[in-house]
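To find a chain, count down the sequence lines: A is the first, B the second, and so on, and within it residues start at 1.
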2 protein chains.
Amino acid sequence: MTHAIPLGLVGLGTIARNQHLPSLEDVPAFRLAAIASRNASLDGLPGYADIDAMLAAEPDLGAVSLCTPPQGRFAQAAAALRAGKHVMLEKPPGASVSEVMALDRLAQAQGVTLFATWHSREAAAVEEARALLAGATIRRVRIDWKEDVRHWHPGQQWIWQAGGLGVFDPGINALSILTRILPDPVFPLSALLEVPENCQAPIAARLSLQTSRGAPVEAEFDWRQTGPQTWDIHVETDGPEVLLREGGAKLFVDGAARISAEDREYRRLYARFAELIAAGQRDVDLAPLQLVADAFLLGERQMTEPFHD
Amino acid sequence: MTHAIPLGLVGLGTIARNQHLPSLEDVPAFRLAAIASRNASLDGLPGYADIDAMLAAEPDLGAVSLCTPPQGRFAQAAAALRAGKHVMLEKPPGASVSEVMALDRLAQAQGVTLFATWHSREAAAVEEARALLAGATIRRVRIDWKEDVRHWHPGQQWIWQAGGLGVFDPGINALSILTRILPDPVFPLSALLEVPENCQAPIAARLSLQTSRGAPVEAEFDWRQTGPQTWDIHVETDGPEVLLREGGAKLFVDGAARISAEDREYRRLYARFAELIAAGQRDVDLAPLQLVADAFLLGERQMTEPFHD
């Protein structure tokens, strides 16, 4: 094992506290060395108001992990890359596809690692589903991704603002799994976005996509589901019927349970970040964000009742 | 000169009649051999109701040019590519970025040419502007693209529907020039889209973009301009000041007129299509459509008064 890489964490919201901090404790390749957060800090760690202050005061940082909202992420990531740091991006990797393409070129020019993460791709059953589908002919795909926004995103204003993605914030997790497990690329044919009249971002969306070989992919994202929560991807093929449940944690093949495992998504992300750094590689797959941008581009918008947290 | 390539034209609307037909008469590399149009035909030419009928009845076609609205273009282009035809796409090349990426992969697999055209890039002064800016440091860019939609798009319902782009239909011409002449890539920071309350697509848009080196690019697209029409791109640099007017037909350098030439955009497009076919190449640059998709993704929408043609 080489010496642990000192890492600076930017943003100390829900995802940082629930996922990034415990995962960093478990991954020996990194040592959490500093925090940048406007209004929070951690005992025993140097804390800075923003990333520029952190980069100036902590020249020994080897890597930076960004957990801030996507709006404004570009400037932070660019500052870290220009300072020669390896950078890991929480999903979505930015507020636009073209800004992340610009970041990727910058990382290449700087000779550092950029890792645009899709945590749901690290769910326990995703790689097995991909292997099962590798040689299959896809007949149809059905995605149901329905959860209660008040439970999962209480008080998060940025998700409702322009650039905040709305229900595509969880929906992009489904799209990140879809684009990982299918053997063919997909693109949207049509989309219906339901937008609360006091918000910029949709609270529900229905997408009709198609694989490049013509198989239909229907996706329903809804943030108004109380009671049981649903994160299912159902793939019918000429061979096995593949069902991923609970966001990719469980796999059923032809109706029989095959995989059910605990969540290690963020531990795997940080382990992968360390591997990319060691190999001098970048990993920036923009397909999930591209599908969301395309859904916004061609989608029909329907006003729906106002949302109040 | 080799034998002229028999070409099938799909879509017989304004742009086909005003631009494609006269240009095809002037470009000896192609021979217009058939038309596919739901409700129009041309004297002396075989006419078909749709592209599938045309492809079935005219096996000798070497190339297909699509002038239909972007919604539904994918299926037409895919049919032509699968039939082994070289394909030229009117702008915008599709209803989404990912569908054109899928088309490009299909063209590659088929070993045929796919040409996603941007006619404004063929305006007389664009290449000279590009040459002037090649070594320059960009300080700021200002785009004003303001025209009267009732004059240029009378009765065109599809431009107001989902996937129709609205004011980005002309605005994407400015973005196609911008991404051709600037030495650095750009991405949007923010966008304001004004959408008539009875439409899906914006009638006006203001974009704040940035080059990867940090120079600001401000763009105003407006479809409500009566009187003089404006299609200007103004680039301030550490060297020459470059002003493109009239959609790239006129060039002013440091205030002095340098180029003013007649419109040969579509003749140049068809000549370039022939070159690409001869060289066995594809030309699919999606940067302009990517910027529009990103503007829809992160843009703030503001309702404005209803539009009636």
Between A/Asp294, A/Thr211, A/Leu291, A/Leu209, which shows the greatest number of heavy-atom pairs under 4.5 Å with chain B?
A/Asp294

Contact check, side chains of A/Pro185 and B/Arg105, non-hydrogen atoms, under 4.5 Å
yes

Is it the side chain or the backbone of B/Phe74 that comes within 4.5 Å of chain A heavy atoms, both, or neither?
side chain

Name the region of B/Gln210, side chain, backbone, both or neither, that has any atom closer than 4.5 Å to a heavy atom of chain A.
side chain

Check whether any side-chain heavy atom of B/Arg301 sits under 4.5 Å from a side-chain heavy atom of A/Arg301, and report yes or no.
yes

With a 4.5 angstrom heavy-atom cut-off, is it the side chain or the backbone of B/Arg82 that approaches chain A, or both, or neither?
side chain

Do B/Val186 and A/Ser98 come close enough that some side-chain heavy atom pair is under 4.5 Å?
no

Could you tell me which non-hydrogen atom of B/Leu297 sits nearest to which non-hydrogen atom of A/Ala95, and how far apart they are?
CD2-O, 3.5 Å

Should the heavy atoms of other residues, nucleotides or ligands under 6.0 Å from CZ of A/Arg206 be counted, would the total exceed 12?
no

Identify which part of B/Leu103 has an atom lying under 4.5 Å from any heavy atom of chain A, answering side chain, backbone, both or neither.
neither

Spacing of B/Gln290 atom CD and A/Leu286 atom CG [to the nearest 0.5 Å]
8.0 Å

Side chain, backbone, both or neither: which part of B/Val100 has a heavy atom under 4.5 Å from chain A?
neither

Output the residues of residues 187-205 of chain A for which the shortest heavy-atom distance to chain B is under 4.5 Å, in residue-number order; output 'none' if no such residue exists.
A/Phe187, A/Pro188, A/Gln200

B/Glu218 atom CD, over 12 foreign heavy atoms within 6.0 Å
yes

